[in-house]
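Side chains included, hydrogens not; waters and symmetry mates left out as well; all remaining heavy atoms used.
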Amino acid sequence: MEKENAQRVISDAEFVQLLKLVRSGDQEAMYRILQLFEEDIQKTSRYIRMSREDAVQSIVTDFIEELRQELKQFHRKVDNGYSLGYPYP
């Protein structure tokens, strides 16, 4: 179990790079991010009153939409001169 989880851990720099790729439309990068959160998605799906498959699909769909919205909002802020003091896509 620890070995499996250890493979899912990536550095902040790697995660930021994945976010940059997602922003540019890279589907493989989105898939990698979803893999990073797969265990959390599966656990959360247990508490949704629908079939597990439908719950997972709903969570994934919402996650993708939220990630895209957050990336858009962040870049609007950066384009308007805001800075968070760390590198971001």
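- For the atom pair CD of Gln17 and CG of Asp12, the computed distance is 13.5 Å after rounding to the nearest 0.5 Å.
- Using cut-offs of 30° and 60° for the angle between ring planes, the Phe37 and Phe63 rings count as tilted.
- Considering all non-hydrogen atoms of both residues, Leu18 and Ala29 come closest at O-CB, 3.7 Å.
- Shown here are the side chain to side chain donor-acceptor pair (under 3.5 Å) partners of Thr61, two or more places apart in sequence or in another chain: there are none.
- Residues Ala55 and Ile48 come closest through the heavy atom pair CB-CB, 3.9 Å.
- When all heavy atoms of Leu34 and Ile64 are compared, the pair lying nearest together is CD1-CD1, 4.0 Å.
- Rounding to the nearest 0.5 Å gives a distance of 10.5 Å between CD1 of Ile41 and CD of Gln35.
- Of all heavy-atom pairs between Val22 and Ile33, the closest is CG2-CD1, 3.7 Å.
- For Tyr31, there are no ring-ring contact (aromatic ring centres under 6.0 Å, His included) partners, not counting sequence neighbours.
- Partners of Gln57 according to the side chain to side chain donor-acceptor pair (under 3.5 Å) rule, which considers only residues two or more places apart in sequence or in another chain, do not exist here.
- Identified under the salt bridge (Lys or Arg N to Asp or Glu O under 4.0 Å) test for residues 25-38, with sequence neighbours left out: Arg8-Glu38.
- Listed by first and then second residue, the salt bridge (Lys or Arg N to Asp or Glu O under 4.0 Å) pairs involving residues 52-68 amount to none (not counting sequence neighbours).
- Remark: the backbone N or O of Leu21 is paired with a side-chain donor or acceptor of Ser24 at under 3.5 angstrom.
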